[in-house]
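In this chain, residues are counted from 1 in sequence order.
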Amino acid sequence: MTYEEVRAGQRNPRDPPDDQVSAGPSSARPYPPSDAAVLGWLFADHPVALSVYDTSLRCVRRNPAMARLTGAPAHDTWFGRRVTEILPGPQTAAWEARMRQVLATGDPAPATRIRSRVSAAPGSERSLSVAAHPLRGPDGTVTGLCLTAEDVTEQNGSPDRLALLNEAGTRIGSTLDVRRTAEELAEELVPLLGEWVNVDLLDTLLKGDEPGPFTGQVALRRVAHHSIRPGAPEALLQPGEVDFYPPHSPAVRSMTAGRPVVHLLTDPAAQAWLRDQPQRADSVREHGYRSIMSLPLRARGTVLGVTVLLRSREQPFTDEDRLLAEELAARAAVCLDNARRFARERSAVLTLQRSLLPSRLPPLMAVETASRYLPANGAGGAGGDWFDVIPLSGARVALVVGDVVGRGLGAAATMGRLRTAVRTLADVDLPPDELLTHLDDLVDQSAPVDDGSSADAAELGATCLYAVFDPVSGTCAAARAAHPPPFVVTPDGEAGLVRLPPGPPLGLGNGVYESAEFELPEGSLLALYTDGLLEPSDADLSLRRLCSALSHPPDALEAVCDHVVETVVPSAQADDVALVVARTHTFDAEEEATLDVPDDPAAVATARAWAGERLARWGLDELGFVTELVVSELVTNALRYGEPPVRLRLLNVDTLICEVTDGSNTAPHLRRARLSDEGGRGLMLVAELTQRWGTRQTRRGKTIWCEQSLPRKTAAARAR
């Protein structure tokens, strides 16, 4: 039977007729009270506060106990009002959402403590235990719900405070971000304990210095503030700005004493502070604030800053308010200190990383390059991604990207060692597959060993992609160690993934790596990257996005990098991102000259004359004397100590390169000849007369090379 039927005076069909109800004790069959009687008692004399809500969560009835609990006048009507209007408070909205679940599921909501303002009087916040039960119609459909409430402020004050602290603890410190943690503390304190709060940290601490004694004015940087008024009109500072607090201010006194300082703003101590702060005093009067509480933010024996609460209610801050605010501030201080330490370590890692990564890529004739490095945003800290562009002999260039397993200083230090090792091995001019094999051995040998057991390669494991582009042949040789393969964009703008043989990660030991060679015509684009550019949940989709972002790239490589970062980098970037793009330039046939040298000592003169003629054709007569001398020495050594075939090559690029290749793997050694020696001065002359020289191993022998700077007028003409 519904409530409306009871109010209309209709009889419950289960009630007996009036003429069958005995009026005296002689009745042989007693009948239970009617539903109307029970319903009337519930809404007239029941001591438990209750109210009834329809499916829109609008109140349709309440009993006098609920009116007394909420302080509502007897004539006040609740019909059509929601629980957030009847019991306002910071936790009521969440409770209303729980009531909607009761309507949707039909399951009752057990008793839950909430903090609510039960009347318009100042200091009327109370702790209530509320529960909700579904009301069903004849067909079992939920037609509304009944809410019961009990005031547990006095009898359960401590458990209520513990419940509030537990709930706040789950919301404060959700990230390792100093500003966000301060904002979470401010949002917990207002409007629960006051109408305004500001969270300020020591400026010296945020700059990385440890705080000293508080003497003179103290510089505090505003990190967060919160107000019950939209737009926070009380704010005299914005987050990020610094203010100086005098020693007698409540904020500095609380930090010095290490405990809360509570004042009415009419107290002499507060008035003395406000007299020195006329703008702050005007704001306090304008918004009607009556009391102030300053709480030091202290963690691990270090004072980090201060939290200042203002209250406009007539009731000043109580001991219970102080204890609750002190507990919240203490928890927030630990989270703030964790965030500060994380930020400091992250800054140190990033500084180390950026010092180890190339500050700028070298200008080269073979390739035009651009790069991006984005540190991870996750709580794990920055990782060990790296990249490099390394000039090689013969106008070739090496492009490398790598990724060290792990986070933090250890990963950054390992990245630095690997990058140095790659540069050292590249200087020896090893092919990509051999270079990765040597690098794998280095990582395996540097892995930690525990009690004589085998090393845990996962701790120092890494991936790497190493590619060498030769602008003379227009080919690129590359090998990879568990690293994503590169993309190539053809001169007509079509992008595609290069299929390279897979290889194991570095650090496992005994890795087998294979190189693959592919053509890169003039104007091709080669893109190398780390897996931070790919979405972990769907790498295939990320590869398609990267392919689309690289297709038909603009001429400016910086614009290519920006476009890739904007369109491909995951929104929740949990890993480092390294990206290198290179546009290739090949050399004309006229810039290369090759001579096959017969296995005959008389061929030295022929090679010398041939080199002089080629330099004259290129207009480099100024380099003729030195070049002929160098050619004579290198060809003589190849014929005397090497094996056929012997080949001489000259390259007229940004420098003049002279190379002599033979079939012997024996590397030459530079030594200082004695006065009585008839030979041994050839390489010494080459080293003295040229800017750079070296040797590299080939598949079928070795190549000795040297470089000379072009005459100034020739170099200037090429620059134009």
Side-chain angles (χ1 to χ4, degrees), residues 358 360-370 388-399 423 426-429 431 467-477 491 517 519-526 557 580-596 607-608 610-631 634-635 647-661 686-687 689-696 698 702-720:
R360 61 182 181 85
L361 300 181
L364 301 169
M365 288 194 66
V367 291
E368 176 191 357
T369 56
D388 213 342
V389 177
I390 308 171
L392 301 178
S393 63
R396 297 168 305 130
V397 60
L399 303 168
R423 277 194 159 263
D427 190 57
V428 184
D429 254 326
V468 176
F469 172 64
D470 187 347
V472 177
S473 63
T475 60
C476 181
E517 192 170 280
E519 292 188 2
L520 288 178
E522 171 73 22
S524 299
L525 192 70
L526 183 64
L557 293 185
V580 178
V581 293
R583 179 170 284 118
T584 62
H585 300 295
T586 57
F587 298 153
D588 296 334
E590 286 296 321
E591 295 173 316
E592 178 192 20
T594 304
L595 174 68
D596 291 326
R608 186 167 54 244
W610 175 85
E613 293 173 2
R614 178 56 62 174
L615 291 181
R617 186 182 304 177
W618 286 336
L620 299 177
D621 301 272
E622 295 181 32
L623 303 180
F625 175 77
V626 172
T627 303
E628 291 180 17
L629 182 57
V630 166
V631 167
L634 295 182
V635 171
R647 173 173 291 184
L648 170 63
R649 184 171 78 155
L650 296 177
L651 289 175
N652 179 20
V653 287
D654 53 344
T655 60
L656 178 64
I657 301 173
C658 176
E659 296 181 347
V660 175
T661 304
V686 172
L689 295 174
T690 61
Q691 276 65 51
R692 294 176 63 221
W693 81 278
T695 179
R696 66 174 182 269
T698 63
K702 66 176 179 300
T703 297
I704 303 176
W705 57 270
C706 61
E707 294 182 4
Q708 299 178 68
S709 299
L710 296 179
R712 291 186 179 180
K713 59 180 181 180
T714 305
R718 292 197 172 178
R720 292 195 295 269

For Ala426 against Leu392, the heavy-atom pair lying closest together: O-CD2, 3.5 Å
Positive for side-chain contact (heavy atoms from CB on, under 4.5 Å) with Phe469, one of Thr475, Thr586, Leu399, Leu364: Thr586
Gap separating the CG atom of Leu656 from the CD atom of Glu591, nearest 0.5 angstrom: 12.0 Å
Ignoring hydrogens and angles, write down the donor-acceptor pairs under 3.5 Å from the side chains of residues 623-631, residues two or more places apart or on other chains.
residue : atom : partner : partner atom : Å
Thr627  : OG1  : Leu623  : O            : 2.6
Thr627  : OG1  : Gln708  : NE2          : 2.9

For Arg608, all residues meeting salt bridge (Lys or Arg N to Asp or Glu O under 4.0 Å), sequence neighbours excluded: none
Non-hydrogen atoms of Ile657 and Ala395 that approach each other most closely: CD1-N, 3.7 Å
Spacing of Arg614 atom CZ and Leu650 atom CG [to the nearest 0.5 Å]: 8.0 Å
Residue list, side-chain contact (heavy atoms from CB on, under 4.5 Å) with Arg647, at least two apart or on another chain: Thr594, Asp596
Distance (rounded to the nearest 0.5 Å) between Cys476 SG and Glu519 CD: 11.5 Å
Approximate separation, where rounding is to 0.5 Å, of Asn652 CG and Arg617 CZ: 12.0 Å
Worked check of side-chain contact (heavy atoms from CB on, under 4.5 Å) between Glu368 and His585: CA-CA 8 Å; Glu368 176 191 357; His585 300 295; 4.0 Å; yes
Candidate pair Arg649 and Trp705, rule side-chain contact (heavy atoms from CB on, under 4.5 Å), full reasoning: CA-CA 9 Å; Arg649 184 171 78 155; Trp705 57 270; over 6 Å; no
Results of side-chain contact (heavy atoms from CB on, under 4.5 Å) for Thr695 - residues two or more places apart only: Pro668, Lys702, Ile704
Candidate pair Arg423 and Asp388, rule side-chain contact (heavy atoms from CB on, under 4.5 Å), full reasoning: CA-CA 9 Å; Arg423 277 194 159 263; Asp388 213 342; 2.8 Å; yes
Qualifying residues under salt bridge (Lys or Arg N to Asp or Glu O under 4.0 Å), relative to Asp470, sequence neighbours excluded: none
Candidates Thr703, Thr661, Val660 - the one meeting side-chain contact (heavy atoms from CB on, under 4.5 Å) with Leu634: Val660
Arg396/Asp429 under side-chain contact (heavy atoms from CB on, under 4.5 Å): CA gap, chis, key distance, verdict: CA-CA 10 Å; Arg396 297 168 305 130; Asp429 254 326; 2.6 Å; yes
Whether Glu707 side chain and Arg692 backbone form a donor-acceptor pair below 3.5 Å: no
Exam field: side chain Trp618 to backbone Glu590, donor-acceptor pair closer than 3.5 Å: yes
Exam field: side chain Thr584 to backbone Ser524, donor-acceptor pair closer than 3.5 Å: yes
Those residues that, when tested against Arg696, pass salt bridge (Lys or Arg N to Asp or Glu O under 4.0 Å) (two or more places apart): Glu659
Shortest non-hydrogen contact between Ala370 and Leu557, atoms and distance: CB-CB, 3.7 Å
Non-hydrogen side-chain atoms of Cys658 and Leu648 separated by less than 4.5 Å: yes
